[in-house]
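Every chain is numbered from 1, with letters handed out A, B, ... down the list of sequences.
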Protein chains: 2
Amino acid sequence: MPATKSSREDAVAAITAVFREFGYDGASLSRLSEASGLGRSSLYHHFPNGKEDMAAAAVAHLAGLATDGILAPLDGEGDATARVKAAAAGISKFYDGGRANCLANLLSIGEAATAAPGAAKSLISALENAFEQVAVDAGFAQKEARIRAEQAIVEIEGALVVSRAAGNNAPFQRALGRLPEILTGGK
Amino acid sequence: MPATKSSREDAVAAITAVFREFGYDGASLSRLSEASGLGRSSLYHHFPNGKEDMAAAAVAHLAGLATDGILAPLDGEGDATARVKAAAAGISKFYDGGRANCLANLLSIGEAATAAPGAAKSLISALENAFEQVAVDAGFAQKEARIRAEQAIVEIEGALVVSRAAGNNAPFQRALGRLPEILTGGK
DNA sequence: GTCTATAGTATGATAGAC
DNA sequence: GTCTATCATACTATAGAC
């Protein structure tokens, strides 16, 4: 593996963290440069279209993390409840236990919506479909499964918002704990 | 009423809308000036400390709207369910039927947290206390009332996030419809 | 692939006339 | 109380050496 590849991957991870904490407008090139350890010109070498490219890379990176850590476990082996528990662990990691910003909200604020159009919608939609399928696998009818999938996402996102506002991870962790009950009835 | 007063009030309302749509970092003086119809210097006349003052005024304005439109109905006359329904109508208006940004999230991103420290926490805390009281009035024990109050806030905020991401107000409206059931058991 | 240096623009903020 | 004109700074982005 060439040093090139890992350097860019490292940069993307660092850049993603900055966008996540400060939002699109707050993520200045100074901050992005400092966090990635790359000078301005190096950033433009990796991301020719500048900040817009960096934001796109960050969104793609997050989509990859969500796919590997959340969607894949839901689509994996084992009974429905076990898969939901694995996904809950993945969600906790994805949101740093409740400390990271709610992604869907970040992507809908200010210029972010322009830089990554539809990103939040497609991420949430993919998760909702996976939740629905696992609920069907657990024995719920399609219609009921869809309702429960939406309810699960609502509770996760809401608990994340409350946890961050209150500076207390408990609501988020409680929501994750309720996931098996919501999606599979505990079966 | 002097023209002075109404002019400033109008400006605060316009400024609030800009902060709400673009976040703290995205709310540039150009945008704030255009939205309020005031030149840069006029803005600094009304808000001597500049952008920071404007953000503080916006937060105070939103807190006032929440108090009048949501907290007051909860604390008003009538049975618990009627008060919850009145509050639900207030919440819908506050969030423009599900089109406006989730406030708690906005206030926790980037520089906004510095400009209005603790604002999200105190707003959510006030709402949680009011919800808890109405659940107690409906006959729930204190502990159960607290759980239901938190659940209500989680569902509202979560549904708002999902609605905005999906570009569909239905989840938010459904969450508001569930409020009486959650907080008063429909009583 | 990374750097220094810098262009060009937008930002937040001020001064002073009216 | 609002304006025009302007400041200093930070921003995104580019040029060109190594």
Side-chain angles (χ1 to χ4, degrees), chain A residues 1-59 61 106 109-117, chain B residues 1-59 61 106 109-117:
Chain A
M1 55 175 124
T4 302
K5 182 78 179 298
S6 91
S7 165
R8 198 198 129 110
E9 286 303 302
D10 290 350
V12 169
I15 282 168
T16 300
V18 173
F19 277 110
R20 239 182 149 177
E21 181 173 355
F22 297 99
Y24 187 86
D25 295 302
S28 67
L29 286 197
S30 308
R31 280 202 251 248
L32 293 164
S33 171
E34 186 183 16
S36 64
L38 294 172
R40 279 165 147 66
S41 292
S42 299
L43 285 177
Y44 275 89
H45 175 260
H46 291 293
F47 310 97
N49 278 57
K51 195 170 165 177
E52 213 168 323
D53 274 4
M54 298 180 217
V59 169
H61 184 240
L106 260 188
I109 292 168
E111 306 304 315
T114 314
Chain B
M1 55 175 122
T4 301
K5 182 75 180 298
S6 91
S7 165
R8 199 200 127 109
E9 286 303 302
D10 291 350
V12 169
I15 282 168
T16 300
V18 173
F19 277 111
R20 237 181 150 178
E21 181 174 355
F22 296 99
Y24 187 86
D25 296 302
S28 66
L29 286 195
S30 308
R31 279 203 252 249
L32 293 164
S33 172
E34 186 183 17
S36 64
L38 294 173
R40 280 166 147 66
S41 292
S42 299
L43 285 177
Y44 276 89
H45 175 259
H46 290 294
F47 310 97
N49 279 58
K51 196 170 164 176
E52 213 168 325
D53 273 5
M54 298 180 218
V59 169
H61 184 239
L106 260 188
I109 291 169
E111 307 302 316
T114 313

Nearest heavy atoms of [X] and [Y], plus distance in Å:
{"X": "A:Ser36", "Y": "A:Ile15", "result": "CB-CG1, 4.5 Å"}
{"X": "A:Ala115", "Y": "A:Ala55", "result": "CB-CB, 4.4 Å"}
{"X": "B:Ala57", "Y": "B:Phe47", "result": "CB-CE2, 3.7 Å"}
{"X": "B:Gly23", "Y": "A:Ile109", "result": "N-CG2, 4.0 Å"}

To the nearest Å, how far apart are [X] [atom1] and [N] [atom2]?
{"X": "B:Asp10", "N": "D:dG1", "atom1": "CG", "atom2": "P", "result": "14 Å"}
{"X": "B:Leu38", "N": "C:dA13", "atom1": "CG", "atom2": "C1'", "result": "16 Å"}
{"X": "A:Phe22", "N": "D:dA10", "atom1": "CZ", "atom2": "C1'", "result": "15 Å"}

Qualifying residues under salt bridge (Lys or Arg N to Asp or Glu O under 4.0 Å), relative to A:Arg31, sequence neighbours excluded:
B:Glu111
Is A:His45 close enough to C:dG1 that one of its side-chain N or O atoms is under 4.0 Å from OP1 or OP2 there?
yes
In 5'-to-3' order, the base (B), backbone-only (S) or no-contact (-) status of each nucleotide in nucleotides 11-18 of chain D, using a 4.0 angstrom heavy-atom cut-off, is SBBBB---
Is the backbone of B:Leu29 close enough, under 3.5 Å, to the side chain of B:Arg40 for a donor and an acceptor to pair up by distance?
no
